[in-house]
Amino acid sequence: MTLGRPRRKRTHRLVTLQQDPGALIMTNHRLFWLTDVSAVPAAERRLARYAVQLLQGAPDLKPRFHDRDFLGALWQLLQPVLQARTVAAFVTQPDPDPDEEDDDARAAWEATTATLPLADQALRERLRACFQAIPRAVLTRLAKADDAAPLSPTVALLAEQLALDTTALRILDFLDQHLLVEPLRVLLRECGQAPARVNLPRLAALLGLPAATLRAALSRRAPLRTLGLVEHDTGSSDLEDFLRPSDLLREILDAEPSDGAALLALLIEPAPPAAWGLDDFPHLAAESARLTEVLGEAARTGAVGVNALLHGAPGTGKTELARAVAAAAGLAAYQVRSADDDDDGLSRRGRLSAYLLAQRLLARRHDAVLIFDEVEDVFDSGDNLFALLRGESVTGKQKGWMNRILEENPVPALWIANGTDGMDPAFLRRFLLPVAFVTPPRSVRRQMAERHLGGCGLAPALLDELASDPALAPAQLGAARRLLDLRPSAPPEATVRAGVAALRTLLHGAPAPRRRTPATAFDVAYLNLTGDLAPSAIAQALQRQGWGSLCFHGAPGTGKTAFAEVLAEALDRELVSRPASELISPYVGETEQNLARLFRACDPTRTVLLLDEVDSFLSDRRQARHAWERTAVNELLQQMETYPGIFIAATNLMSGIDRAALRRFDFKLGFRALNPAQRQRLFAREALGDETAPVPPDLARHLEGLPGLTPGDFANVCRQRTLIGAPLTPEQFLRRLAGECRLKQYDSAMPV
């Protein structure tokens with residue numbers, strides 16, 4: 001009798017299942033689950049484990065069973081670990097054959113349960129009852145069968161190459177499934193909105209991790225965050241948005257790199273060979289030598305936090321110098337990839353993350369340097385990182401994160417920017433090697449013009465003309481060369497002129513620079529200076545010292561501006577000339593700001609600063625009627641005292657200059673009208689065609705009677721001759737000189 005009793009119980013259970021299988025499942029939930037999950041595919045087993053761990057670790061989600069989407073997502077995730085025969089009976093309520101083969105039963109189940117008819121209220125109630133009481137043995141079986149190995153080879157590769165720990169590996173593997181599996185995203189989404197302090201333990205439960213372990217793995221200094229692989233919402237969100245893969249991680253997972261080299265190629269690319277050498281940047285020789293030595297030593301010794309910032313106007317050769325420095329240092333140069341026109345590349349935020357990943361991947365090498373070009377593209381105004389660099393509305397933690405990027409990089413880096421305006425000084429201070437790309441001197445620009453356009457059949461005069469334009473960058477010269485190559489049958493000079501003019505109009509608003517076009521050739525022999533200093537002696541003194549302040553005073557046309565131009569050319573510096581009218585403002589305080597801005601913008605080692613009509617600023621303060629008149633004088637005097645370069649002030653009115661200002665000039669040079677010998681030689685050159693030609697006695701006597709003649713008067717008459725388009729006889733030339741002399745006023749107190 002005892003042997004028959006169990007037999008009768010099994011028969012009763014079978015009869016009950018045939019009559020109402022749902023009722024039997026309600027009374028015995030263990031019939032719902034597979035007892036052996038080893039044959040379930042690894043990905044399906046992992047997803048089922050996520051679902052079971054979430055339900056058991058976050059019991060507060062039980063009320064969500066009444067949400068049809070939540071319940072449906074659970075059903076789809078848990079199907080692979082459910083008993084096929086029982087579930088088929090549960091869904092369709094057939095009269096199953098207990099002898100039916102398991103494979104056939106599963107096939108029938110898959111055909112009928114692809115979507116559970118959740119519209120049926122009774123079915124939903126039965127499903128809730130089963131999922132609310134999942135036996136602990138289910139999770140035990142899933143955990144035992146799941147070896148925790150990453151499902152994705154790409155995730156395994158990332159963990160290996162980046163030396164990530166098992167927690168980070170588990171998180172990345174979850175995010176990969178997050179991207180691939182819609183039911184998982186629905187389940188996370190249907191958990192509902194919750195603050196981070198609720199979402200974090202829920203996600204930890206899903207992953208089978210202690211909450212403290214997950215919190216540490218998602219901290220700002222943890223690799224997943226510092227490398228830009230994940231995005232973490234610290235506010236209120238659903239569980240789907242609480243932790244998301246970054247754009248860069250999506251790119252990597254989609255690309256499925258096969259090895260470390262392929263992974264690195266997604267992030268960076270070998271920089272093209274340097275087209276120029278360091279010799280092509282003679283104006284940056286000291287900076288180039290410093291860059292080469294420091295970057296090379298940092299790479300070889302593994303020094304951290306070595307960053308160079310090459311900044312300056314576009315097209316000035318920053319990228320070419322970076323490549324030349326890498327080549328000179330014997331380093332392999334890599335550059336962060338940019339997005340192309342088809343958006344087939346990394347996003348702005350992705351580029352910064354790619355840079356950080358590349359730093360980690362190359363950390364074990366001692367022969368590499370990273371070039372991060374187009375930094376403005378990364379820190380776009382619409383990106384929070386831009387505000388971070390500018391120091392706008394950022395927390396101390398955000399600043400600390402950016403500081404660490406510049407302090408802890410194991411691979412030396414060259415950052416390239418077109419400007420640093422607005423960048424937070426806290427970040428700028430962390431660049432060990434800042435290099436400003438300023439306008440190179442004319443001699444260097446002439447070399448650049450020769451390099452790009454030499455051998456193209458262009459006249460040297462045209463190359464000189466191009467070199468005299470400080471606004472033309474090497475990139476524009478390179479564009480002119482491309483035009484020549486693409487128009488082999490067109491006249492070279494016309495092609496270059498038209499191309500340069502078009503680019504200059506596009507970039508600077510004018511086809512050519514505004515230049516003083518002298519009507520006569522300037523010659524220092526026609527300067528009549530006070531004192532015993534020769535022009536050559538002044539030039540030598542400034543060349544030797546590299547600094548000095550000079551005051552040029554005298555009547556108009558005596559050669560003050562022309563001599564400043566000659567000095568700048570002799571010193572191989574750019575002349576920065578500003579008239580007072582460009583700086584004086586009707587608004588209180590703005591004149592002083594304009595003066596300060598002018599001195600600050602000039603590179604004291606490569607320019608000569610000429611301030612014309614300086615009497616507008618340096619008038620005697622004892623005669624001032626308003627406070628702002630004195631502050632303008634004070635501002636200019638302060639700028640003069642602290643300016644370490646060459647400063648020239650020019651004025652036609654010396655009598656009203658503030659006495660204290662005069663004491664601050666190293667040289668005060670008076671420009672007088674031509675002396676008699678100079679007048680005759682210049683007349684012979686311009687009117688007779690040869691300065692050594694004898695001047696007829698009657699004309700010489702008339703010249704003696706014009707003591708106020710200046711080189712400017714001769715230039716005016718020469719311009720008249722050009723405009724008329726007909727030659728002037730010596731007598732006509734002299735009459736016009738006399739007319740110029742009568743019309744102007746000159747300082748009769750200055751002896752000739």
Side-chain angles (χ1 to χ4, degrees), residues 271-300 306-331 333 369 371 373 412-420 428 431-454 463-464 466-478 539-540 542-548 567-576 601-609 644-646:
W276 296 0
L278 297 183
D279 292 343
D280 293 305
F281 299 89
H283 58 301
L284 297 173
E287 292 86 346
S288 300
R290 186 166 62 251
L291 285 170
T292 302
E293 182 178 359
V294 174
L295 294 176
E297 184 67 13
R300 284 185 286 274
V306 177
N307 293 278
L309 177 63
L310 310 186
H311 60 97
T316 50
K318 301 184 294 295
T319 304
E320 287 298 338
L321 179 62
R323 295 169 182 170
V325 164
L331 301 177
V369 64
I371 298 176
D373 207 345
L414 285 152
W415 299 63
I416 299 174
N418 292 333
T420 60
L428 295 179
F431 285 104
L432 185 64
L433 298 163
V435 177
F437 275 66
V438 296
T439 302
R442 182 176 301 187
S443 61
V444 175
R445 299 202 302 270
R446 183 60 172 79
Q447 292 179 27
M448 292 179 176
E450 184 69 35
R451 178 181 183 86
H452 283 286
L453 300 170
L463 299 183
D464 292 338
L466 295 174
S468 67
D469 184 358
L472 283 184
Q476 281 87 66
L477 296 174
Q540 290 170 5
L542 295 175
Q543 180 71 59
R544 184 171 56 255
Q545 298 296 337
W547 56 268
L567 270 179
E569 187 170 356
L571 298 172
D572 199 17
R573 297 187 177 207
E574 201 69 37
L575 180 67
V576 178
C602 286
D603 181 354
T605 64
R606 295 184 174 90
T607 62
V608 172
L609 176 57
I646 299 173

In the structure I gave you, are the side-chain heavy atoms of Leu291 and Leu310 within less than 4.5 Å of one another anywhere? yes

Is there a side-chain contact between Leu432 and Asn307 in this structure, where contact means two heavy atoms from C-beta onward sitting under 4.5 Å apart? no

To the nearest 0.5 Å, how far apart are CE in Met448 and OG in Ser443? 10.0 Å

Pair Lys318, Asn418 - check side chain to side chain contact (heavy atoms under 4.5 Å, CB included), show working. CA-CA 9 Å; Lys318 301 184 294 295; Asn418 292 333; 3.2 Å; yes

Would you compute the distance between atom CD1 of Ile371 and atom OG1 of Thr319 and round it to the nearest 0.5 angstrom? 7.5 Å

Between Ala436 and Leu284, what is the shortest heavy-atom contact and its length? O-CD2, 4.1 Å

Taking only Lys NZ, Arg NE, NH1 and NH2, and the carboxylate oxygens of Asp or Glu, determine whether Asp572 and Arg442 approach each other closer than 4.0 Å. no

Can any side-chain N or O of Arg445 pair as donor or acceptor with the backbone N or O of Ala467 at less than 3.5 Å? yes

How long is the straight-line distance from CG of Leu542 back to CG of Leu571, given to the nearest 0.5 Å? 6.0 Å

At their closest point, which heavy atom of Pro474 faces which heavy atom of Gly315, and how far apart are they? CD-O, 2.9 Å

Answer whether the closest heavy-atom distance between the side chains of Ser288 and Leu321 falls below 4.5 Å. yes

Strictly distance-based, threshold 3.5 Å: is any side-chain N or O of Asp469 a donor or acceptor partner for the main-chain N or O of Leu466? no

How long is the straight-line distance from CG of Leu463 back to CD of Gln447, given to the nearest 0.5 Å? 12.5 Å

dist Leu453:CG -> Arg451:CZ (nearest 0.5 Å) comes out at 12.0 Å

In terms of relative ring orientation, are Phe431 and Trp415 parallel, tilted or perpendicular, with 30° and 60° separating the classes? perpendicular

Could you go step by step and tell me if Leu309 and Leu414 meet the side chain to side chain contact (heavy atoms under 4.5 Å, CB included) rule? CA-CA 6 Å; Leu309 177 63; Leu414 285 152; over 6 Å; no

Can Gln543 and Gln540 be said to form a side chain to side chain contact (heavy atoms under 4.5 Å, CB included), step by step? CA-CA 5 Å; Gln543 180 71 59; Gln540 290 170 5; 5.6 Å; no

Could you report the tightest heavy-atom contact between Ala328 and Leu278, atom names first, then the distance? CB-CD1, 3.7 Å

Do the charged groups of Arg290 and Glu287 touch, with an N to O distance under 4.0 Å? no

With rounding to the nearest 0.5 Å, note down the distance linking CG in Leu295 to CZ in Arg300. 10.0 Å

